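Only one structure is covered here, and it is reproduced in the block below.
Here, residue 1 is the first one in the sequence, and each next residue gets the next number. No experiment lies behind these values; they were computed from the predicted model shown.
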Amino acid sequence: MPTGVLASALNAAILAALEWPVVPHTPLLLWLVGLWLVAGSRALLILNYRRASPASWRSADWHRWMLVTTSMAGFGWGSSVYFLTPEIPLPYELIQLFVLGGMAVGAVSVLSVSFPLFLWYVVPATLPTLGHLLLSGYEFHLIMGSMSVLFLFATIHSAWNFNRILLSSMRLQQEKLAL
């Protein structure tokens with residue numbers, strides 16, 4: 001998970017830098033700072049989990065707070081649809097779609113240990129953009145949106161399979177230790 005948090009913060013900065021010439025600066029900076037704050041919160045949760053601090057928390061408490069902060073990251077990434085206006089040139093729009101797709105795919109390896117955690121990230125991160133593409137009325141957007149829906153389903157299916165493999169491996173390890 002530290003890798004995913006770092007990737008989120010870095011990708012947000014890179015996307016903001018790339019879109020700087022074509023989107024309003026104030027909302028872009030607010031979006032970037034918001035994602036950095038969420039990434040910082042997630043990083044603190046991960047660090048404190050490793051330290052077992054606070055000691056009174058059980059794993060369910062950690063999982064609940066990771067769900068909250070990870071879904072906040074998903075909503076943050078999903079809110080980037082605000083920048084996809086008709087005024088933005090197509091190459092910049094495609095860069096943003098590429099980054100969002102990469103974040104969704106990256107979440108498979110980072111968040112699939114908990115399938116709900118993965119879903120609480122990927123659904124709010126991608127649905128606003130899918131809505132934008134499918135409802136914009138442009139043929140190119142409709143094609144991209146249709147392909148993105150297939151991509152989202154394939155990503156969710158991959159995360160589901162990866163989660164099952166991880167859980168099966170963990171069960172086998174526990175059975176091995178018990179023997």
Taking NE2 in H157 as the centre, count heavy atoms belonging to other residues, nucleotides or ligands within less than 6.0 Å. Is the count above 12?
no
S71 side-chain N/O to L67 backbone N/O, donor-acceptor pair under 3.5 Å
yes
Looking at L100, is its backbone amide N or carbonyl O close enough to the side chain of W77 to form a donor-acceptor pair, meaning the two atoms are under 3.5 Å apart?
no
With rounding to the nearest 0.5 Å, note down the distance linking CG in L177 to CG in L172.
11.0 Å
Looking only at heavy atoms, which two atoms of A9 and W36 are closest? And how far apart?
O-NE1, 3.1 Å
Looking at W31, I'd like to know if its CH2 atom is crowded, meaning that more than 12 non-hydrogen atoms belonging to other residues, nucleotides or ligands lie closer than 6.0 Å.
yes
Measuring from atom CZ of F75 to atom CG of L35, what distance do you get when rounded to the nearest 0.5 angstrom?
13.0 Å
Heavy atoms from other residues, nucleotides or ligands near OH of Y49 exceed 12 (cutoff 6.0 Å):
no
Can you check whether F83 reaches E93 side chain to side chain, under 4.5 Å on heavy atoms?
no
Just one of N163, V113, V123, V108 clears the side chain to side chain contact (heavy atoms under 4.5 Å, CB included) bar with F118, so which one?
V108
Minimum heavy-atom separation for L97 and M144, please, with both atom names.
CD1-CE, 4.0 Å
Students often mix this up, so state it plainly: with edges at 30° and 60°, are the rings of Y138 and H141 parallel, tilted or perpendicular?
perpendicular
Specify the closest pair of heavy atoms between A104 and T155, including all atoms of both residues, with the distance to one decimal.
O-CG2, 3.6 Å
T126 and M103, any side-chain heavy atoms less than 4.5 Å apart
no
Report, as yes or no, whether the 6.0 Å neighbourhood of atom CH2 on W62 holds more than 12 heavy atoms from other residues, nucleotides or ligands.
yes
